[in-house]
Number of protein chains: 2
Amino acid sequence: MSQQRAQSSGVASGGGPGFPDLPEATVARLPEYLRALHNLADAGHDTVSSEGLATAAGVNSAKLRKDLSHLGSYGTRGVGYDVTLLIEQIEQVLGLHETRAVALVGIGNLGHALARYAGFASRGFHIAALFDADRDRVGELVNGMAVRHMSDIAAVVADEGISIGVIATPADAAQVVADDLVAAGVTSILNFAPCVLAVPDGVDVRKVDLAIELQILSFHEHRKSTLTALPAKVVGQ
Amino acid sequence: MSQQRAQSSGVASGGGPGFPDLPEATVARLPEYLRALHNLADAGHDTVSSEGLATAAGVNSAKLRKDLSHLGSYGTRGVGYDVTLLIEQIEQVLGLHETRAVALVGIGNLGHALARYAGFASRGFHIAALFDADRDRVGELVNGMAVRHMSDIAAVVADEGISIGVIATPADAAQVVADDLVAAGVTSILNFAPCVLAVPDGVDVRKVDLAIELQILSFHEHRKSTLTALPAKVVGQ
DNA sequence: CAATGTGAAATGCTTCACAGCG
DNA sequence: CGCTGTGAAGCATTTCACATTG
């Protein structure tokens with residue numbers, strides 16, 4: 001897993017009214033179900049069985065049913081799930097009804113690509129501001145939006161109601177940026193820099209490290225080549 | 001978790017000679033330990049305690065010790081771990097001694113950024129070829145390397161000894177690309193397209209979906225705002 | 001009667017707590 | 001004496017298997 005959660009601050013138990021406290025593993029899969037459901041809806045399906053949705057989302061059906069059961073009982077026995085209703089419910093739980101404003105910090109290679117990535121907007125996120133520490137880049141237009149200097153962060157985060165920050169800076173700048181984001185009021189961070197961030201309780205951090213993903217695959221390559229070098233039984237192919 | 005493993009083909013038990021079969025969770029953390037160790041080495045440290053390394057890697061020390069114990073006994077009681085030796089061991093286990101050749105498919109926004117990302121090369125990966133299905137893009141130079149057409153994949157994968165493919169295409173092209181990569185002999189895939197890939201047993205897939213990461217954070221934002229709207233106890237801040 | 005929702009079993013992972021070693 | 005390595009306990013997640021229901 002290449003993610004990192006802030007030390008979870010203990011999710012005030014019991015769950016508030018109407019707020020089921022889902023297992024983290026379930027939360028991480030809901031977006032995948034949601035995507036699969038949108039595909040099914042586009043393909044004209046009105047209902048789908050746990051088996052069908054599970055296949056579309058790449059999990060097994062028992063897991064899917066257990067995940068969905070945490071949201072409540074939205075299936076019909078003998079039939080399956082109503083696609084539209086389930087989309088509605090999952091979006092509700094994920095808090096996707098209100099569009100969330102995102103600040104993107106670090107407009108280098110990756111930052112440019114992220115700023116232009118259409119997948120964010122199409123899934124309910126609005127990149128509301130771009131920041132960089134380099135004054136030479138300030139003012140540059142990326143995807144129609146001007147890059148601003150880090151020193152504006154506090155004001156812009158407040159003005160735009162930004163709650164999520166994306167860090168795409170080099171590793172040595174990331175902690176300072178995280179501190180600035182938190183000071184400005186951001187409470188969730190997606191970190192692409194290859195380093196560990198320290199943040200206060202109550203701030204959530206997820207990490208995506210491209211090189212780590214490759215290293216994990218490297219391990220499996222290494223394992224496979226070691227195993228096939230032996231007379232061990234190879235499954236499949 | 002935003003990753004997806006191919007249905008694990010059963011990791012021939014017992015582990016071959018000299019090949020410890022590590023828990024997946026441990027494998028996923030080793031690259032993080034490795035990065036922390038390199039930082040420590042650069043900072044001039046010869047040894048490090050489990051406590052120190054755990055802090056640098058953002059985990060707790062018991063977990064770190066258990067993870068490392070799977071590799072064998074490379075620590076010294078009363079002292080800690082030899083930084084250089086441990087780097088050596090982890091790189092060994094991850095199969096990072098041989099530089100691995102990577103094919104990158106889909107030279108759009110994200111593909112450009114990945115092609116230029118220095119973090120791959122610096123951590124033992126060599127982007128050996130770039131591919132795109134769009135003939136208008138074929139021949140374009142990205143980071144000094146010419147983009148080739150998908151139809152060359154089989155030949156190039158064989159020539160360059162490529163074992164890992166990175167898919168940065170739109171979702172609707174990804175499955176075809178995956179099939180082509182697998183047919184060409186690639187046995188590990190890192191998928192940035194927002195879709196589930198079907199691959200044969202023996203092929204490993206990891207998935208990175210940027211929008212899913214944001215949706216997970218959105219859930220936590222939603223939860224936090226729901227909770228703070230109540231008189232519930234908020235930890236920390 | 002097909003397919004959900006769910007107790008209960010099985011597995012895997014994390015954390016504790018300390019014996020044992022350098 | 002400090003720190004590693006590790007059984008054992010504690011949690012979380014997955015899977016099984018079936019009673020239940022529309």
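Not measured: the values here are computed from a predicted model. By convention in this document, chain letters (A, B, ...) are assigned in the order of the sequence lines, proteins followed by strands, and residues within each chain are numbered from 1. FYI, side chains are in, hydrogens and waters are out, and symmetry mates aren't considered; it's all heavy atoms of this structure.
One atom, CG of Leu22(A), and another, P of dA12(D), lie 14 Å apart when rounded to the nearest Å. Per the geometry, CD belonging to Glu24(A) stands 14 Å off P belonging to dT14(C), to the nearest Å. Summarising the geometry, the separation between CG on Leu64(A) and P on dT14(D) is reported as 12 Å, rounded to the nearest angstrom. Between the CG atom of Leu68(A) and the C1' atom of dG5(C) there is a distance of 10 Å, given to the nearest Å. If you measure from atom CG of Asp67(B) to atom C1' of dT14(C), you get 10 Å, rounded to the nearest angstrom. The distance between atom NE2 of His70(A) and atom P of dG5(C), rounded to the nearest whole Å, is 12 Å. Look at CD on Glu51(A): it is 17 Å from C1' on dC1(C), rounded to the nearest Å.
Residues Leu94(B) and His222(A) form no side-chain contact, since every pair of their non-hydrogen atoms from C-beta on lies 4.5 Å or further apart. Put simply, the side chain of Arg123(A) does not reach to within 4.5 Å of the side chain of Leu214(B), judged on heavy atoms.
Here the straight-line distance linking atom CD1 of Ile127(B) with atom CZ of Arg100(B) works out to 15.5 Å at 0.5 Å rounding. Here the CG atom belonging to Leu110(B) is positioned 7.5 Å from the CG atom belonging to Leu114(A), to the nearest 0.5 angstrom. Taking NE2 of His70(A) as the reference point, atom CG of Asp21(A) lies at 10.0 Å (rounded to 0.5 Å). Expressed to the nearest 0.5 Å, how far CG of Asp179(B) lies from CG of Leu197(B) amounts to 8.5 Å.
At least one side-chain nitrogen or oxygen of Ser73(B) sits closer than 4.0 Å to the OP1 or OP2 atom of dG5(D). OP1 or OP2 of dT4(D) has at least one side-chain nitrogen or oxygen of Ser50(B) nearer than 4.0 Å.
Map Thr76(B) and Thr76(A) each onto its nearest nucleotide of DNA chain D; the residue landing nearer the 5' end is Thr76(B).
Defined by atom type and a distance below 3.5 Å, a donor-acceptor pair is present between the side-chain atoms of Arg223(B) and His220(B). Residues Thr26(A) and Asp67(A) bring a donor and an acceptor atom of their side chains to less than 3.5 Å of each other.
Near DNA chain C, meaning a heavy atom under 4.0 Å away, the residues from residues 77-89 of chain A are Arg77(A), Gly78(A), Val79(A), Gly80(A), Tyr81(A).
Summarising the geometry of Gln215(B) relative to Pro31(A), their closest heavy-atom pair is OE1-CB, 2.8 Å, with the distance given to 0.1 Å. Nearest heavy-atom pair across Ala57(A) and Tyr33(A) is CB-CD2, 3.6 Å.
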Quiz prompt | side-chain contact (heavy atoms from CB on, under 4.5 Å) evaluation trace for Val93(B) with Phe219(A) | solution = CA-CA 7 Å; Val93(B) 166; Phe219(A) 169 82; 3.9 Å; yes
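The rotation axes computed at either terminus of the helix from dC1(C)-dG22(D) to dG22(C)-dC1(D) lie 10° apart, taking five pairs at each end and rounding to 10 degrees.
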Under 3.5 Å, which N/O atoms of the protein pair with N/O atoms of nucleotides 15-17 of chain C?
| residue | atom | partner | partner atom | Å |
| --- | --- | --- | --- | --- |
| dT15(C) | OP2 | Asn60(B) | ND2 | 2.7 |
| dT15(C) | O4 | Lys66(B) | NZ | 3.4 |
| dA17(C) | N6 | Arg65(B) | NH2 | 3.4 |

